[in-house]
Amino acid sequence: MHTLNLLVGTSKGLVVYPFHNQKPLTPSVHFKGFPVSMIYVDDRTNTWWAGLSHRHWGEKLHFSLDQGNTWHQAGLPSYRNYEYRPGKAATLKKIWVMQQAGHDKPGCLWLGTEPGGLFYSEDNGKTFHLNESLWNHPSRLDDQQWFGTGKDFPFIHSILIDPRNSDHVYIAVSCAGVFETTDGGKTWTPRNKGLMAAYLPNQSPEVGHDPHQMLMCQSQPDVIWQQNHCGIFRSTDGGKNWLDIGGKNGWPFYGFALAVDNHNPDVAWVIPAESDESRIPANLQLQVCKTVDGGKTWQSKSEGLVQSFAFDLVLRHAFVKQNTFLAFGTTNGNLYYSTDESEIWQSLNQNLAPINSLSIAMS
Amino acid sequence: MLMPKVKFTSALKRFFPSLSETKLEAGTVRTVLAKLEENYPGISSYIVDDAGQLRQHVNIFLRGELIKDRIHLSDEVKPNDEVLIFQALSGG
């Protein structure tokens, strides 16, 4: 019998909920009291990865080969001997995202970080090296193209591998935008045509955009979705062109969280927030929006969610989907799930610490 | 032979359970941390960042006072000194 494990990275620890027959069992707690900022499951080996952001002791990366029974400290990406700007040493601020590099590249992992470095490991995380091609991209050295917004520095939060060709990779940077490589990271090309940067005098720059989260339909990898600071966008040609698919009446528009269907390229979900100024649910109603027509129309799918006095925000990595299972967690420590894609939400916990990241592991 | 003593905040024991007061060769704060890393692999990443500078929310006291050079860790550590490695009362 398969067990689905929902891994919940919170600011005070990792909480793991096993599900049997779509019913949650007693959870386990790992790294109790520590800020777990990133969670990732490498489905090739069922290795669980946890990024910890210690306020005192810095970023750390841990992994488990036995579904959380034991954890080991991995190597760390290092900016030693690299400069953020001429004369200014770069240092690791945060590990934002991890992605296995493809089934034909065992032991290889990508890692996206703040202040904007993309790292690669060829030894299952014992060592990481900086992708110098991206680090030395002329746009990265330009304060008007790569810059921090909510954070002091730009950060890489999304990494997508083309399932047809693992040398074909997309990353999304906040703020800079989307970049594509077709040669395993030797060269990178901006892919931001059609996006909007409403916060810049030139609102359509080649680089300078703020994608919040980017995902790919695994069965049709030319279909890529992004929740952006300036709306919701979708590409059907592998990122060459982006189309604004935000709600026609302005809702949904802003937000962080995104989930996509890996079989139907027209289906996706977002969890909107009111605006970048307030970052609260519109009308204080916690809502999930779904499209089944590639973003032409959106419907609220919010049965079971709090529809008054809700101040919950869902961060970019706190919404997951696997087959018919959907789950999301909020900065107020609320955790919701739906097991049958009916989007009838059930509360799993209302008293967690702020939720940073979710991931799903099968065992 | 007289050697400087290094003491730690108990918070570090959560990550290095065998951590205890340690005597190491005199030199500078940097060389003391390098020796400490040999005894407790991985511990230096908790104390300094990847540029080798003392982390913002970590303090090192030498002869009862904060070290002066948080960047290069060049403060001299003498054989009869006591080095205290604490987390700062900040950072959450």
Side-chain angles (χ1 to χ4, degrees), chain A residues 10-13 30-37 50-63 70-85 87-95 111 113-117 119 125-130 135 152-153 353-354 356, chain B residues 6-20 22 28-62 66-74 83-92:
Chain A
T10 82
S11 65
K12 292 294 178 183
H30 313 252
F31 306 110
K32 190 164 66 176
F34 294 151
V36 178
S37 50
L52 271 63
S53 297
H54 295 286
R55 296 289 179 89
H56 295 95
W57 316 114
E59 294 293 297
K60 300 290 177 282
L61 190 59
H62 300 260
F63 66 95
T70 56
W71 290 91
H72 312 277
Q73 192 160 318
L76 276 175
S78 172
Y79 285 91
R80 195 171 186 83
N81 301 322
Y82 288 99
E83 292 183 324
Y84 179 70
R85 292 285 182 268
K88 184 178 180 183
T91 57
L92 177 66
K93 303 298 180 188
K94 188 171 177 180
I95 297 168
L111 201 63
T113 72
E114 181 182 342
F119 288 83
K126 291 186 182 68
T127 59
F128 292 91
H129 59 264
L130 183 66
W135 187 249
D152 290 340
F153 299 94
N356 299 316
Chain B
V6 184
K7 294 182 175 178
F8 309 90
T9 166
S10 59
L12 277 170
K13 283 184 72 90
R14 178 123 181 229
F15 314 109
F16 301 92
S18 65
L19 192 65
S20 60
T22 305
T28 65
V29 171
R30 177 166 296 284
T31 63
V32 166
L33 289 184
K35 286 288 178 190
L36 195 61
E37 175 71 17
E38 291 177 12
N39 291 9
Y40 301 100
I43 197 169
S44 63
S45 79
Y46 284 73
I47 300 167
V48 298
D49 63 21
D50 40 355
Q53 302 178 11
L54 189 62
R55 291 193 178 280
Q56 183 181 1
H57 300 296
V58 177
N59 285 331
I60 296 181
F61 293 87
L62 182 61
L66 282 171
I67 61 168
K68 293 182 173 56
D69 182 3
R70 297 177 67 96
I71 296 174
H72 303 294
L73 311 179
S74 63
V83 180
L84 304 176
I85 300 176
F86 287 172
Q87 77 263 45
L89 290 175
S90 59

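Chain letters run A, B, ... following the sequence lines, proteins first, then strands; residues in each count from 1. It should be emphasised that the depicted structure is a prediction, and the values quoted were computed from it without experimental measurement.
Only the side chain of A/Leu76 comes within less than 4.5 Å of a heavy atom in chain B; its backbone stays farther off. When heavy atoms are compared at a cutoff of 4.5 Å, A/Phe31 approaches chain B solely by way of its backbone atoms N, CA, C and O. A/Pro77 touches chain B through its backbone: at least one of N, CA, C or O sits under 4.5 Å from a heavy atom, while the side chain does not.
In this structure, B/Arg14 has no salt bridge (Lys or Arg N to Asp or Glu O under 4.0 Å) partners at least two apart in sequence or on a different chain. Partners of A/Phe128 according to the ring-ring contact (aromatic ring centres under 6.0 Å, His included) rule, which considers only residues two or more places apart in sequence or in another chain, do not exist here. In this structure, the ring-ring contact (aromatic ring centres under 6.0 Å, His included) partners of A/Phe153, at least two apart in sequence or on a different chain, are A/Tyr84.
Residues A/His62 and A/Phe34 place their aromatic rings such that the two centres sit no closer than 6.0 Å.
Atom NZ in A/Lys12 sits 11.5 Å away from atom CG in A/Asn356 (nearest 0.5 Å).
In this structure a side-chain-to-backbone donor-acceptor pair under 3.5 Å is missing from B/Thr22 to B/Val6.
Scanning residues 31-50 of chain B against chain A with a 4.5 Å heavy-atom cutoff picks out B/Ser45, B/Tyr46, B/Asp49, B/Asp50, ordered by number.
Of all heavy-atom pairs between A/Gln73 and A/Lys60, the closest is NE2-CD, 3.6 Å.
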